[in-house]
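What follows is a short report on a single structure.
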2 protein chains.
Amino acid sequence: MSVAQQLREHGYRLTPQRRVVCDTLDAAQGHLTAEELHERSSAVVADLSLASVYRTLTLLDQLALARQVRFADGRAHWEPAHDHDEFHLVCRSCEAVTHHPADLVTTVRDHLLHDHGFDSQRVELVVTGLCADCRNDSPRTSRVLG
Amino acid sequence: MSVAQQLREHGYRLTPQRRVVCDTLDAAQGHLTAEELHERSSAVVADLSLASVYRTLTLLDQLALARQVRFADGRAHWEPAHDHDEFHLVCRSCEAVTHHPADLVTTVRDHLLHDHGFDSQRVELVVTGLCADCRNDSPRTSRVLG
DNA sequence: GTATATGCAAAGTCTTTGCATCGTT
DNA sequence: AACGATGCAAAGACTTTGCATATAC
């Protein structure tokens, strides 16, 4: 079910603003900041304030329908909620963010719980480096990540 | 060698302000924010502005003598640089931050490089959950992490 | 003595909030 | 029709920066 539909099922009003933010979040390839989400959503629903984007994201976070990841830039990047562990691979050159399944995380969780009594609720694994494409490219198009 | 000494060896002036910030960073158990570092350092060197703390940290970061980690609160937390991979375990209840050696990270790096061509430069693994002490305690003293 | 570091205060960036108005249900 | 959501603008939190003064070398 779409994030927008889930919002409605929780009893919240489904305004055009909320709907477009949810849909844009759903459709996004990478992890969008509030501002990127605002830009893209505004192209569809012109009457959308940045404040509403933030309010919608806060709401989605509370309902566990979305969650934020902090990259080295310190800004919040948003993704629809999901229950599988994963890496975030951030390329320093092209800034692409990709997901990678993290089977090892289960091993980590088990180890922490059984050997150290630490009950993991949230595992955030961000790997910064150079993606395969950028390693092969000349550095002419490189940009340093914030 | 202390962080302060390394600063000097890089040719930078070793002012009382820089020295106390470096020493406080060196001595810290957990990961301090700029503000916490300012508080603790000010107790030793009264004439220390928050701006100087930030400037010193920026300098240490550039020289790779310190690095910052972002927790879910979005603020930068600082630690002396080191070359071993590690987890950051953040307890949601007591807010304690502990380090944990991360042998598995080597496996992760190798996998990403050989199977996916991704050259990892920085691996940041933050695990949020409940530490052993807090799992046993009554929840009366619990605080939710920002 | 001189170049560099500092404190202060102002500005910058990202995010949240107060309030009057608008719109979904 | 009523209550909740919105836009706007102001405020908040964290961090950076301009400038005159102080200081390490």
Side-chain angles (χ1 to χ4, degrees), chain A residues 3-25 31-39 41-42 44-63 65-78 145-146, chain B residues 3-25 31-39 41-42 44-63 65-78 145-146:
Chain A
V3 169
Q5 282 307 314
Q6 292 183 66
L7 244 196
R8 180 174 228 159
E9 302 223 335
H10 277 277
Y12 292 91
R13 291 184 183 174
L14 199 42
T15 63
Q17 290 88 344
R18 280 182 176 162
R19 188 193 307 264
V20 72
V21 170
C22 292
D23 290 351
T24 305
L25 187 65
H31 292 225
L32 304 183
T33 61
E35 195 144 13
E36 289 165 339
L37 219 33
H38 180 239
E39 269 176 42
S41 302
S42 294
V44 181
V45 172
D47 198 14
L48 172 65
S49 67
L50 189 53
S52 282
V53 174
Y54 276 108
R55 279 190 277 235
T56 300
L57 289 171
T58 301
L59 179 59
L60 294 179
D61 195 32
Q62 285 165 359
L63 297 175
L65 298 178
R67 64 183 211 181
Q68 54 188 144
V69 183
R70 299 270 174 183
F71 296 148
D73 65 0
R75 303 169 73 180
H77 295 248
W78 293 85
L145 184 60
Chain B
V3 170
Q5 282 307 315
Q6 292 183 67
L7 244 196
R8 180 174 228 160
E9 302 223 334
H10 276 277
Y12 292 91
R13 293 184 183 176
L14 198 42
T15 64
Q17 289 88 345
R18 279 182 176 162
R19 187 194 307 263
V20 71
V21 170
C22 291
D23 290 352
T24 304
L25 187 66
H31 292 223
L32 304 183
T33 62
E35 195 145 12
E36 289 164 340
L37 219 32
H38 179 239
E39 267 175 44
S41 301
S42 294
V44 181
V45 172
D47 198 14
L48 172 66
S49 69
L50 189 53
S52 282
V53 173
Y54 276 108
R55 279 191 277 234
T56 301
L57 289 172
T58 301
L59 179 58
L60 294 179
D61 195 32
Q62 286 165 357
L63 298 175
L65 299 179
R67 64 184 211 181
Q68 54 188 144
V69 183
R70 299 269 175 184
F71 296 148
D73 65 1
R75 303 169 74 180
H77 294 248
W78 293 85
L145 185 60

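Order of the sequence lines sets the chain letters (A, B, ...), proteins ahead of strands, with each chain counted from 1.
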Letter per nucleotide, 5' to 3', of nucleotides 9-15 of chain C [B base touched, S only sugar-phosphate touched, - untouched; heavy atoms, 4.0 Å]: -----SB
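Evaluation of the side chain to side chain contact (heavy atoms under 4.5 Å, CB included) rule for A:Gln68 yields A:Asp61, A:Arg70, A:Ala76, A:Trp78 as partners, not counting sequence neighbours. The salt bridge (charged side-chain N to carboxylate O under 4.0 Å, His left out) check on A:Arg67 picks up A:Glu79, with sequence neighbours excluded. A:Thr15 meets the side-chain hydrogen bond (donor to acceptor under 3.5 Å, both in side chains) test with no other residue; sequence neighbours excluded. Take B:His77 and apply the ring pair (Phe, Tyr, Trp, His ring centres under 6.0 Å) test, not counting sequence neighbours, and it matches B:Phe71. For A:Glu35, the salt bridge (charged side-chain N to carboxylate O under 4.0 Å, His left out) partners are A:Arg75, not counting sequence neighbours.
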N/O-N/O pairs, protein side and nucleotides 1-5 of chain C side, under 3.5 Å:
{"unit_1": "C:dA3", "atom_1": "N3", "unit_2": "B:Arg13", "atom_2": "NH1", "d": "3.2"}
{"unit_1": "C:dA3", "atom_1": "N3", "unit_2": "B:Arg13", "atom_2": "NH2", "d": "2.9"}
{"unit_1": "C:dT4", "atom_1": "O4'", "unit_2": "B:Arg13", "atom_2": "NH1", "d": "3.3"}
{"unit_1": "C:dT4", "atom_1": "O4'", "unit_2": "B:Arg13", "atom_2": "NH2", "d": "3.2"}
{"unit_1": "C:dT4", "atom_1": "O2", "unit_2": "B:Arg13", "atom_2": "NH1", "d": "3.2"}
{"unit_1": "C:dA5", "atom_1": "OP1", "unit_2": "B:Arg18", "atom_2": "NH1", "d": "2.9"}
{"unit_1": "C:dA5", "atom_1": "OP1", "unit_2": "B:Arg18", "atom_2": "NH2", "d": "3.1"}
{"unit_1": "C:dA5", "atom_1": "O5'", "unit_2": "B:Arg18", "atom_2": "NH2", "d": "3.2"}

Show me, pair by pair, the donor-acceptor contacts under 3.5 angstrom made by side chains of residues 7-14 of chain B, not counting sequence neighbours?
none

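For residues 47-56 of chain B, the side chain to side chain donor-acceptor pair (under 3.5 Å) pairs, not counting sequence neighbours, are B:Ser49-B:Ser52.
Rounded to whole Å, the distance from CG on B:Leu37 to C1' on D:dT15 is 14 Å.
No N or O donor and acceptor, one from the side chain of A:Arg55 and one from the base of D:dG4, sit under 3.5 Å apart.
A rotation axis mapping the C1' atoms of four pairs onto the next four is fitted at both ends of the helix from C:dG1-D:dC25 to C:dT25-D:dA1 over five pairs, and the angle between these axes is 30° to 10 degrees.
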